[in-house]
Amino acid sequence: IVFPVLDILRLAVRHPEVNAQLCGGTEGASLCNHLLGLMSHEGRPANQMLALRTLCNCFTGSHGRALLLGQRDAVLSRAGDLRVVSNKNIHVALATLVLNYAGRLYGQPSEIEAKAQCLSVASTALEVVQDREAVFRLLVALGTTVAGDNTAKDLARSLGVSSQISKYARVSDPAKCLMNCSDVMKVSECNQLLLPLLLLHEKTCLFQIS
């Protein structure tokens, strides 16, 4: 019975009043702990995916954002562990969660520890994620995290991100491009913007979340 209730919760937390009630105070901590429990390795993939999506939707309200920023270490650590699950929907939800965190951290150079975790989770996820939409969101998350922050760029370089993402710079399989050209090309174009951002100390933000 967890699946249908969780699916309703995923949608409900987008409403401001529901977000405030469920994500504020002790209720918020309880909600977060419950969702993290559903994201364990022993959990069902459907529940893991919906828990991730619920966390993503929590970012739509101020109480949800405050909750997830406060629980950032636990949330990203548990979410990052799900990269090994062979499920593209989970990978897309994971990438979206990292992207949401990156968006909240943009323009905050003092949050270097949080940015370091975002970089680490995105980088390790890229080692195993194959779905192009998930890869695209992870690349955008990396770009958002390092944009305008030279310390974050140095961290990304120390993690070997530049060499790691260089494989996305070109289309290596023309047949795959014909089957899913838009996804392949947007990953390639995103990567071509991200690589110079890592290699140069630019001040312009190339990646933002609207």
- What residues form a side chain to side chain donor-acceptor pair (under 3.5 Å) with Gln108, not counting sequence neighbours? none

- Task: Please report the shortest heavy-atom distance between Leu38 and Ala51, naming the atom on each side.
- Result: CB-CB, 4.3 Å

- Query: Is any side-chain heavy atom of Met39 less than 4.5 Å from a side-chain heavy atom of Asn47?
  - Reply: no

- Task: Taking all heavy atoms of Leu94 and all of Ala125, pick out the closest pair and write down the distance.
- Result: CD2-CB, 4.3 Å

- Which pair of non-hydrogen atoms, one from Ala134 and one from Val129, has the smallest distance, and what is that distance? CB-CG1, 3.5 Å

- Transitively linked via ILVMFWY side-chain contacts under 4.5 Å: Val92 with Phe59? no

- Assess whether salt bridge (charged side-chain N to carboxylate O under 4.0 Å, His left out) is satisfied between Glu133 and Lys186, documenting all intermediate values. CA-CA 9 Å; Glu133 181 60 32; Lys186 74 178 183 180; 2.5 Å; yes

- Item | Non-hydrogen side-chain atoms of Leu105 and Thr145 separated by less than 4.5 Å | no

- Task: Could you tell me whether the side chain of Thr151 reaches within less than 4.5 Å of the side chain of Pro109, counting heavy atoms only?
- Result: no

- How far apart are the closest heavy atoms of Gly80 and Val121, and which atoms are they? CA-CG1, 4.0 Å

- Message: Show the nearest heavy-atom pair for residues His91 and Val85, with the distance to one decimal.
- Response: NE2-O, 2.8 Å

- For residues 30-39, the side-chain hydrogen bond (donor to acceptor under 3.5 Å, both in side chains) pairs (sequence neighbours left out) are none

- Task: Answer yes if the side chains of Arg14 and Thr60 hold a donor-acceptor pair under 3.5 Å, and no otherwise.
- Result: no

- At what distance, to the nearest 0.5 angstrom, does CZ of Phe136 lie from SG of Cys190? 5.0 Å

- Query: What closest approach, in Å, do Leu142 and Ala122 show between heavy atoms, and which atom pair accounts for it?
  - Reply: CD2-CB, 3.7 Å

- List the steps and the verdict of side-chain contact (heavy atoms from CB on, under 4.5 Å) for Leu22 and Leu9. CA-CA 10 Å; Leu22 293 182; Leu9 175 64; 3.4 Å; yes

- Ser77 side chain vs Ala74 backbone, donor-acceptor pair below 3.5 Å: no

- Query: Should Leu6 and Leu67 be regarded as members of a common hydrophobic cluster, given that ILVMFWY residues are connected when their side-chain heavy atoms come within less than 4.5 Å of each other, either directly or indirectly?
  - Reply: no

- Might you confirm whether atom CD of Gln164 has over 12 heavy atoms from other residues, nucleotides or ligands at distances under 6.0 Å? yes

- Item | From CA spacing to verdict: side-chain contact (heavy atoms from CB on, under 4.5 Å), Asp149, Tyr106 | CA-CA 9 Å; Asp149 189 333; Tyr106 171 71; over 6 Å; no

- Item | side-chain contact (heavy atoms from CB on, under 4.5 Å) involving Ala93 - partner list, sequence neighbours excluded | Leu52, Arg53

- Message: side-chain contact (heavy atoms from CB on, under 4.5 Å), that's the test. Do Leu155 and Lys115 meet it? Break it down for me.
- Response: CA-CA 9 Å; Leu155 281 172; Lys115 289 188 175 187; 5.7 Å; no

- Message: Please report the interatomic distance CZ(Arg10) to SG(Cys58), rounded to the nearest 0.5 Å.
- Response: 12.0 Å

- With sequence neighbours left out, write down each residue that passes side chain to side chain donor-acceptor pair (under 3.5 Å) with Ser120, or none if nothing qualifies. none

- Value for CG (Leu126) from CG (Leu159), rounded to nearest 0.5 Å, stands at 11.5 Å

- Any side-chain hydrogen bond (donor to acceptor under 3.5 Å, both in side chains) involving residues 64-76? Give me the pairs, sequence neighbours left out, ordered by first then second residue. Arg72-Gln117, Asp73-Gln117

- Mind checking the CG-CG spacing from Asn89 to Asp131? Nearest 0.5 Å is all I need. 8.0 Å

- Query: Could you state the interatomic distance from CG (Leu68) to CG (Asn100), rounded to the nearest 0.5 Å?
  - Reply: 8.5 Å

- Message: Quick check: do Leu35 and Val75 have side-chain heavy atoms less than 4.5 Å from each other?
- Response: no

- Supply the atom-to-atom distance Thr54 OG1 to Leu31 CG, rounded to the nearest 0.5 angstrom. 8.0 Å

- Any donor-acceptor N/O pair, Arg78 side chain to Leu36 backbone, under 3.5 Å: yes

- Item | Steps toward side-chain contact (heavy atoms from CB on, under 4.5 Å) verdict (Ile8, Val5) | CA-CA 5 Å; Ile8 295 172; Val5 174; 5.8 Å; no

- Where at least one partner belongs to residues 82-102, residue pairs that pass salt bridge (Lys or Arg N to Asp or Glu O under 4.0 Å), sequence neighbours excluded: none

